[in-house]
Amino acid sequence: MSIYAVACAIFLAWSASIRATNDKNWAADVAHGVTGVIDGDQLSVRDVRNFSWRTETDYTESWEQRTYDLSRLQSLDLFLGYWMGPAIAHTIMSFGFDDGRYLDFSIELRRTQNDQYSAIAGFFKTHELVYIGADERDLITLRKVRNEEIQLYRLRAPPERARALLVEYIKQANDLAAHPRFYNTITTNCTTAIFDMMRAVTSSIPFDWRIILTGHLPSYLYEYGAVDTRISLEELRQRADVTGRVDGSLSEVAFSSRIREGLPAPRR
């Protein structure tokens, strides 16, 4: 056996021995992963993040318990935060209720204090995975504070399918709280996890290279009719840019209403 094969075997054995944990000195914004309990139409969500962001390091911390009526769920939207060129974007799913409130989910690499995100480190067992459930104003204001371009796409999703996906989010978040897992830049990231969940509730979504190069998701959604196709993809992209509308000083409902003004919504 060559020395390279021996080294590879040692590395694989070492890697297999590393176990994920929920017990570390986490950075404040990922200190808690969301969990929830569903009783009929009543969804009770614990550790909903509702920070007020002035800068990335200057913020007011708040974690809340909230309740939602699943029978009042009416929409599903997708945010893309472009932070590393046109090919890569962070994905956030947004579930809208008829009282004007939104519950958003961001699947993230879980950093410890004084740690920084690294896409390269994300290929290895260096960071755990966390499901952040948050007030929409929190998640989107933070993306603007980080100087990201923020795009918002309204999705063609009937309430029953949106509900099935939200229930799957809660199921996966609860499982992650009990059985921590590692983040992986390619195989277990913010978009591949969403794709896996959507496949759990519908088998009609094909895998595509744009699932990995997330900045190209708009063309994927457009191709499969998940967004408004009555206008061109170019116009849809232009109108989806809501960066200039993000105003963290607004109330929860006013914030979400403001960023959706004039956005094209597909017919169901």
Side-chain angles (χ1 to χ4, degrees), residues 20 22 30 32-49 64-81 89-98 101-110 128-136 138-139 152-184 186-208 210-212 214 217 220-221 224-227 256 266 268:
N22 285 326
V30 292
H32 303 286
V34 68
T35 56
V37 175
I38 298 173
D39 183 8
D41 286 332
Q42 178 96 345
L43 169 61
S44 178
V45 190
R46 183 179 178 184
D47 289 323
V48 176
R49 201 180 74 191
E64 302 173 355
Q65 180 158 334
R66 296 188 177 187
T67 59
Y68 299 88
D69 185 344
L70 294 177
S71 69
R72 302 180 68 180
L73 179 63
Q74 65 177 9
S75 67
L76 178 63
D77 299 331
L78 172 69
F79 284 95
L80 296 176
H90 181 73
T91 57
I92 294 171
M93 297 301 296
S94 176
F95 296 85
F97 296 81
D98 65 8
R101 294 192 302 158
Y102 288 81
L103 175 62
D104 288 17
F105 289 87
S106 176
I107 300 174
E108 302 186 7
L109 176 152
R110 200 173 194 184
E128 279 76 5
L129 187 70
V130 64
Y131 281 40
I132 298 295
D135 184 297
E136 186 163 271
D138 168 333
L139 281 174
L152 172 57
Y153 294 89
R154 314 221 62 181
L155 303 180
R156 177 179 285 109
E160 61 271 18
R161 184 168 294 177
R163 176 172 177 152
L165 183 58
L166 176 51
V167 169
E168 187 66 21
Y169 260 101
I170 297 301
K171 175 184 174 181
Q172 294 290 336
N174 289 345
D175 182 72
L176 187 63
H179 307 99
R181 303 194 304 273
F182 285 108
Y183 181 99
N184 184 280
I186 294 295
T187 62
T188 312
N189 59 40
C190 62
T191 305
T192 56
I194 292 173
F195 177 78
D196 289 342
M197 282 187 285
M198 295 187 79
R199 287 292 294 270
V201 301
T202 174
S203 60
S204 61
I205 300 175
F207 189 81
D208 191 281
R210 289 163 289 190
I211 300 295
I212 303 299
T214 50
L217 274 175
Y220 173 82
L221 297 171
Y224 290 101
V227 292
S256 295
R268 291 175 183 165

(request) Answer yes or no: is there an ion pair linking Asp135 with Arg66, defined by an N-O contact shorter than 4.0 Å? (result) yes
(message) Donor-acceptor check, side chain of Asp77 to backbone of Leu152, threshold 3.5 angstrom: yes or no?
(response) no
(request) May I ask you to check whether Tyr169 and Phe95 place their ring centers less than 6.0 Å from one another? (result) yes
(request) With rounding to the nearest 0.5 Å, note down the distance linking CG in Leu109 to CZ in Phe182. (result) 11.0 Å
(message) Working note: Asp175 + Arg181, criterion salt bridge (charged side-chain N to carboxylate O under 4.0 Å, His left out); need CA distance, chi angles, decisive distance, verdict.
(response) CA-CA 10 Å; Asp175 182 72; Arg181 303 194 304 273; 3.6 Å; yes
(message) I'd like to know if the side chain of Asp98 reaches the main chain of Leu73, judged simply by a donor and an acceptor atom lying under 3.5 Å from each other, with no hydrogens or angles considered.
(response) no
(message) Treating Arg110 as the side-chain partner and Val30 as the backbone partner, does any N or O pair qualify as donor plus acceptor under 3.5 Å?
(response) yes
(message) For a quick check under 3.5 Å, do Thr214 and His90 share a side-chain donor-acceptor pair by atom type?
(response) no
(request) Measure the spacing between OG of Ser75 and CZ of Arg154 and express it to the nearest 0.5 Å. (result) 5.0 Å
(message) Nearest 0.5 angstrom please: Leu70 CG to Arg163 CZ, how far?
(response) 4.5 Å
(message) Working to the nearest 0.5 angstrom, can you tell me the gap between Ser94 OG and Leu76 CG?
(response) 7.5 Å
(request) Rounded to the nearest 0.5 Å, what's the gap from OG1 on Thr91 to CG on Leu217? Could you check? (result) 7.0 Å
(request) Considering only NZ, NE, NH1 and NH2 on the basic side and carboxylate oxygens on the acidic side, decide whether Arg101 and Asp69 come within less than 4.0 Å. (result) no
(request) Please check if the distance between the ring centroids of Tyr102 and Phe97 is under 6.0 Å. (result) no
